Amino acid sequence: EVQTLMSKWHGASVLHSVLTSGNLYTDLVRHDTALERWYDKLGDKFVTFMCNSVASRLGDRAFEDALKRWYDKLGDKFVTFMCGSVASRLGEPNFEATLERLFEVLATSGDVKGSCFASIFGRGSFVKRISDPAFEGRIMKLFVEQLGRSPQSLVTYLGKNDGSKLDKI
């Protein structure tokens, strides 16, 4: 049965992403439906989507529900959003609340399709810090007072001030 599952995967790069992400390879039968569902949704972006954080939580109902919610909101920007260690925290109530707040703020400021939101959360250094209420407050103050509520300006600013520079905001 495992050999059949391995041979059905859609090319070497997809099979490689499945086999090297977390411990999926230990129980392909159990994860097959979830893997197939996400492959069908993401197509070529599936390989990027697969990472250890996703793989270790795939099949967990709360995680899968959170994935679906954010996929429905972000569409083709979903994989970018998941790239910055979001998967390891997705489903945590405080983190989800922060995501919702920032999504709403950016959407009401012109980022209606979520591309700036996805780019921001695609940065691991940002994701690592954003659950700190003081950091979130500094980001919001910067966004409103210095960046004129421009989602693209926030993306640019964060790109220039990535990593430990974020601690100085």
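All of these numbers come straight from a predicted model, not from anything done at the bench.
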For the atom pair [atom1] ([X]) and [atom2] ([Y]), what is the distance rounded to the nearest 0.5 Å?
{"X": "Met140", "Y": "Leu142", "atom1": "CE", "atom2": "CG", "answer": "10.0 Å"}
{"X": "Leu147", "Y": "Thr156", "atom1": "CG", "atom2": "OG1", "answer": "9.0 Å"}
{"X": "Phe126", "Y": "Asp162", "atom1": "CZ", "atom2": "CG", "answer": "10.5 Å"}
{"X": "Asn161", "Y": "Ile169", "atom1": "CG", "atom2": "CD1", "answer": "6.0 Å"}
{"X": "Lys128", "Y": "Ser88", "atom1": "NZ", "atom2": "OG", "answer": "12.0 Å"}
{"X": "Met50", "Y": "Leu42", "atom1": "CE", "atom2": "CG", "answer": "10.5 Å"}

Check this for me: [X], atom [atom1], are more than 12 non-hydrogen atoms of other residues, nucleotides or ligands nearer than 6.0 Å?
{"X": "Asp167", "atom1": "CG", "answer": "yes"}
{"X": "Asp72", "atom1": "CG", "answer": "yes"}
{"X": "Lys41", "atom1": "NZ", "answer": "yes"}

Listed by chain and number, what are the side-chain contact (heavy atoms from CB on, under 4.5 Å) partners of Arg69, not counting sequence neighbours? Asp65, Ala66, Glu96

Any donor and acceptor pair, going by atom type alone, linking the side chain of [X] with main-chain N or O of [Y] inside 3.5 Å?
{"X": "Asp111", "Y": "Cys116", "result": "yes"}
{"X": "Lys45", "Y": "Asp76", "result": "yes"}
{"X": "Arg149", "Y": "Ser109", "result": "no"}

For the residue pair [X] and [Y], establish whether any side-chain heavy-atom pair is separated by less than 4.5 Å.
{"X": "Leu99", "Y": "Phe81", "result": "yes"}
{"X": "Thr48", "Y": "Cys83", "result": "yes"}
{"X": "Trp38", "Y": "Tyr71", "result": "yes"}
{"X": "Ile130", "Y": "Leu102", "result": "yes"}
{"X": "Met82", "Y": "Leu90", "result": "yes"}
{"X": "Phe135", "Y": "Thr98", "result": "no"}

Where do [X] and [Y] come nearest, in terms of heavy atoms and distance?
{"X": "Arg57", "Y": "Ala87", "result": "NH1-O, 2.6 Å"}
{"X": "Thr108", "Y": "Val105", "result": "OG1-O, 3.0 Å"}
{"X": "Gly114", "Y": "Phe103", "result": "CA-CE1, 4.3 Å"}
{"X": "Glu64", "Y": "Leu58", "result": "OE2-CD1, 3.2 Å"}
{"X": "Val86", "Y": "Phe121", "result": "CG2-O, 3.5 Å"}
{"X": "Phe46", "Y": "Leu35", "result": "CE1-O, 3.6 Å"}

Would you call the rings of Trp70 and Phe117 parallel, tilted or perpendicular, where under 30° means parallel and over 60° means perpendicular? parallel

Partners passing side chain to side chain donor-acceptor pair (under 3.5 Å) against Ser131 (at least two apart in sequence or in another chain): Arg89

